[in-house]
Chemist: 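Pasting a structure below so you can have a look.
FYI, side chains are in, hydrogens and waters are out, and symmetry mates aren't considered; it's all heavy atoms of this structure. When a ligand or atom number is given, it counts from 1 through the structure's own listing order. Along the sequence shown, residues are numbered consecutively beginning with 1. This one's a predicted model, so the numbers in the text were calculated from it and none came from an experiment.
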Amino acid sequence: MKTKTLKKDKVNIITLGCSKNMVDSEAFGGQLSANGIDVVHENRRRDHNIVVVNTCGFIDKAKEESVNTILEQVALKRSGKLDKVYVTGCLSERYRQSLTDEIPEVDAWFGTMELPQMLKQFNADYKAELVGERLLSTPKHYAYLKIAEGCNRTCSFCAIPLMRGNHVSKTIEEVISEARRLVKMGVKEIMLIAQELTYYGLDIYKKRALPDLLKHLSDLEGLSWIRLHYAYPHKFPLEILDVMAERENICNYLDMPLQHISDPMLKAMKRQITRAEITDLIGAVRDRVPGICIRTTLIAGFPGETREDVEDLKQFLTDTRLDRVGIFTYSHEENTSAYELEDNVPAEEKEARAQEIMAVQQEISFEKNQEKIGNTYKVIVDKKEAGRYLGRTEFDSVEVDNEVVIDGAKKLPIGDFVNVRITKAFDYDLEGEVV
Ligand code: SF4
């Protein structure tokens, strides 16, 4: 069967999409490796003969990237450089039948919840005792920790519940055991993730149990930073903030996608919250954790979005001065309830609105960064690039937020903390020296 002269199979996992997909790839890698199978993530050495593509099926751009990646891999197989190509993840979950017909060279397609079936392809057994044991794809000083799967919300633009199902929380014991394993592996910073973080526990404990979970996590020795991602504004459990304020190792950082601010848009998006409630919530968050960094995500060009809605959003950003903002252009996704609406904002206009909104935020980010000059921050050193060390403050998550460029340092411990006094500030990034 082997076309490549490899004594032993070697598997390369290619992960697309979000951090939740990355955790799935790491869990799969952990199981394969525990079964004695040689496995790597994003293998640049190309000395593998089997590929597993873990796809994203969220929005148009992501779907396109996933299909192109699959086609690249089957082309390598056709040219004899690969023996097997397997596909899993959200795109496969959502379009398995049509993809099977369109790309017959793929050896097998798997959904988002089919880890045991995937392992069977490798004559490997699923080892339940290994839950939480992961082959990390991140640098070893930080990791994502997925505390739940799926989502019970009905945001009209979102296809995620179609691909990930209903919300299922892990137990506090499972999460703590996984966190303990990560800390043992050298992890100092954990990003807590889920489709909807603040829903945690409602299914298994019949209450919003994130505050309890945070206390347990925060008690874990060796865990320096705990960061919250994907909080939902509706019915936001404010008790989280009291735990955050009280515990040194929970970053004063909150990622809470708002998607929009104008009431007509929030209604059409089925976000179950109003502009006034969002504004009050942000006020309460800042009261309970002064100086907290608030990150959000927005959508530009949703069906029916008017000039007035766009101006409303820009004014909201100007008035509220959030710290970090990301933006997507609306993607018309079949089988979502928004698909019944007319996608009446042309693609270029969507892009133009996204840039217009981010231009407002860029100015705010620059002004806020200026205020940091002269201050000293605890910084985690992530990497060395072009002879300079790069790191992050507790107000910056990996990949999506700002970085601190550390000047003049000869040798710094990657994955450790240093104190940095800020000397320069730009639209997004900061620069400083170790003190
Ligand atoms: S909270 Fe809304 S946007 Fe987020 S995954 Fe659930 S349905 Fe999608």
Chemist: Side chains of Arg227 and Asn252 only: does a donor on one sit below 3.5 Å from an acceptor on the other?
Modeler: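 Checked: Arg227/Asn252 side chains show no N/O donor-acceptor pair below 3.5 Å.
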Chemist: Identify, by atom number and element, the atoms of ligand 1 in contact range of Cys155, meaning under 4.0 Å from any of its heavy atoms.
Modeler: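 The atoms of ligand 1 under 4.0 Å from a heavy atom of Cys155 are 2 (Fe), 3 (S), 7 (S).
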Chemist: Report, in ascending order of atom number, the atoms of ligand 1 lying under 4.0 Å from any heavy atom of Tyr232.
Modeler: 1 (S)
Chemist: Please could you name the atoms of ligand 1 that Phe157 approaches to less than 4.0 Å, counting only its heavy atoms?
Modeler: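 Every atom of ligand 1 under 4.0 Å from some heavy atom of Phe157: 3 (S).
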Chemist: Any salt bridge between Glu93 and Arg164, counting N to O under 4.0 Å?
Modeler: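 So Glu93 does not pair with Arg164 through a salt bridge.
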Chemist: Any non-hydrogen side-chain atom of Val418 less than 4.5 Å from a side-chain atom of Lys378?
Modeler: no
Chemist: Cut-off 3.5 Å, side chains only: do Glu72 and Asn68 have a donor facing an acceptor?
Modeler: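 No pair is found: no donor N or O on one side chain lies under 3.5 Å from an acceptor on the other.
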Chemist: Starting from atom 4 (Fe) of ligand 1, what is the nearest protein heavy atom, named by residue and atom, and what distance separates them?
Modeler: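 I find the closest protein heavy atom is Gln195 O, 3.9 Å.
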Chemist: Any N/O/S atom, side chain or main chain, of Cys158 closer to atom 8 (Fe) of ligand 1 than 2.8 Å?
Modeler: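 For Cys158, the answer is yes, given that an N, O or S atom comes within less than 2.8 Å of atom 8 (Fe) of ligand 1.
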Chemist: Identify, by atom number and element, the atoms of ligand 1 in contact range of Ile160, meaning under 4.0 Å from any of its heavy atoms.
Modeler: 5 (S)
Chemist: Just to verify, which of Lys20, Lys146, Arg134, Lys140 counts as forming a salt bridge (Lys or Arg N to Asp or Glu O under 4.0 Å) with Glu26?
Modeler: Arg134
Chemist: Nearest protein heavy atom to atom 6 (Fe) of ligand 1, by residue and atom, and its distance?
Modeler: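 Residue, atom and distance for the closest contact: Cys151 SG, 2.4 Å.
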Chemist: Can you list the steps and then say if Ser169 with His167 is a side-chain hydrogen bond (donor to acceptor under 3.5 Å, both in side chains)?
Modeler: CA-CA 7 Å; Ser169 302; His167 182 103; 2.9 Å; yes
